[in-house]
Amino acid sequence: MDAALVFEDVEVRIADVGRILGPVSWRVERGERWVLLGPNGSGKTTALSVAGAWRRPSAGRAWVLGQELGRVDVRSARERIGHVGHTVDDRIRPNLRVRDVVLSGRSSTLETWWQVYTERERAEAEERLADVGCADLADRALVTCSQGERARVLLARASFGRRSLLLFDEPAAGLDLPARERLVAAMDATAVSGGPTSVLATHHLEEVPGTTTHAALLRGGRLEAAGPVDEVLTDDALTDVYAVAVRVERRGGRWTAFAPPA
């Protein structure tokens, strides 16, 4: 399949809990930029774990970058997928230099030990850091960076090597307003420069980049709506998903949502 992601009646179940996702049928074409929204426990992170080829469906079929999970060695697909989120941040050695953090994205490893990088690759790592406004951090240890800087460094890491798919799992969680805006601007810049297909999971419309093309709403592990972003991010759709009255507004290409006074 030529699509970046295809889910056909995908379900994920875990022992002692039962079904946590599905059945979900969903298609992401190459070059599209999606946002996944939904309450806590709606299945966003689980959907990303399938999209990242880290979890096989318990039922149904899933294709990631043309490879069907469970039928092929997915390691080659994983090397073409970049991840941004706390699950990656928490696993990287704090004293690793920022430049090396980016270089480790080449093979989706956590260290650069035993890795040999060409001068072109080292130059590209510097370019990716410049793209996200972190060129001056290259020689610093990751632990010395602010939370917002770390998020942008992880974006540079995920983009290194010209990935085919970027997955963002609440990358702006815990960021203050300036840091969030710098991260969203960096995500927009990546998309504008011809970046890869992307899927962002978040709770907040304010974190959705203006370059987003499509949206999907999850509730209770099921896909409630999916399609072009302006058709999905509506008052009625978000009110149904969050079970509270929601007003959606778009200004300057960005979205916001709030519960109007009773």
If only atom types and distance count, is the side chain of D235 paired as donor or acceptor with the main-chain N or O of V248 below 3.5 Å? yes
Report all side-chain donor-acceptor pairs from residues 217-233 shorter than 3.5 Å, counting only partners two or more places apart or in another chain.
{"from": "R219", "atom 1": "NH1", "to": "D240", "atom 2": "O", "distance (Å)": "2.4"}
{"from": "R219", "atom 1": "NH2", "to": "E224", "atom 2": "OE1", "distance (Å)": "3.4"}
{"from": "D230", "atom 1": "OD1", "to": "R250", "atom 2": "NH1", "distance (Å)": "2.9"}
{"from": "D230", "atom 1": "OD2", "to": "R250", "atom 2": "NH1", "distance (Å)": "3.4"}

Roughly how far apart are L103 CG and R122 CZ, rounded to 0.5 Å? 6.0 Å
Residues A51 and V64: closest non-hydrogen pair is O-CG1, 3.3 Å
Please list, chain by chain and in numerical order, all residues satisfying side chain to side chain contact (heavy atoms under 4.5 Å, CB included) with R182, sequence neighbours excluded. R152, P178
Does a donor on one side chain and an acceptor on the other come within less than 3.5 Å for W255 and H204? no
Between R251 and E249, does at least one N-O distance fall below 4.0 Å, as a salt bridge requires? yes
Judged by modelled atom types alone, do T256 and E206 share a side-chain donor-acceptor pair under 3.5 Å? yes
Donor-acceptor contact present, side-chain E127 to main-chain E124, <3.5 Å: no
Check whether more than 12 heavy atoms from other residues, nucleotides or ligands sit under 6.0 Å from atom CZ of R56, and answer yes or no. no
W26 vs W34 aromatic rings, parallel, tilted or perpendicular, using cut-offs 30° and 60°? perpendicular
As an exercise, state the distance from CG of L200 to NZ of K44, rounded to the nearest 0.5 Å. 10.5 Å
Any side-chain to backbone donor/acceptor pair from E32 onto E29? Under 3.5 Å, distance only. yes
Just verifying a value: how many Å separate D136 CG and L129 CG, rounded to the nearest 0.5 Å? 9.5 Å
Looking just at side-chain N and O atoms, do R13 and S58 make a donor-acceptor pair shorter than 3.5 Å? no
Sequence neighbours left out, what passes side chain to side chain donor-acceptor pair (under 3.5 Å) with R150? Give chain and number order. D89
Return the CG to CD distance between L175 and Q147, rounded to the nearest 0.5 Å. 5.0 Å
Any side-chain donor paired with an acceptor under 3.5 Å for S104 and R157? yes
Determine whether more than 12 heavy atoms belonging to other residues, nucleotides or ligands lie under 6.0 Å from atom CG of D73. yes
Strictly below 4.0 Å, N to O, side chains only: are D139 and R97 in salt-bridge contact? yes
Check step by step if salt bridge (Lys or Arg N to Asp or Glu O under 4.0 Å) holds for R180 and E207. CA-CA 7 Å; R180 183 194 74 188; E207 298 172 1; 5.8 Å; no
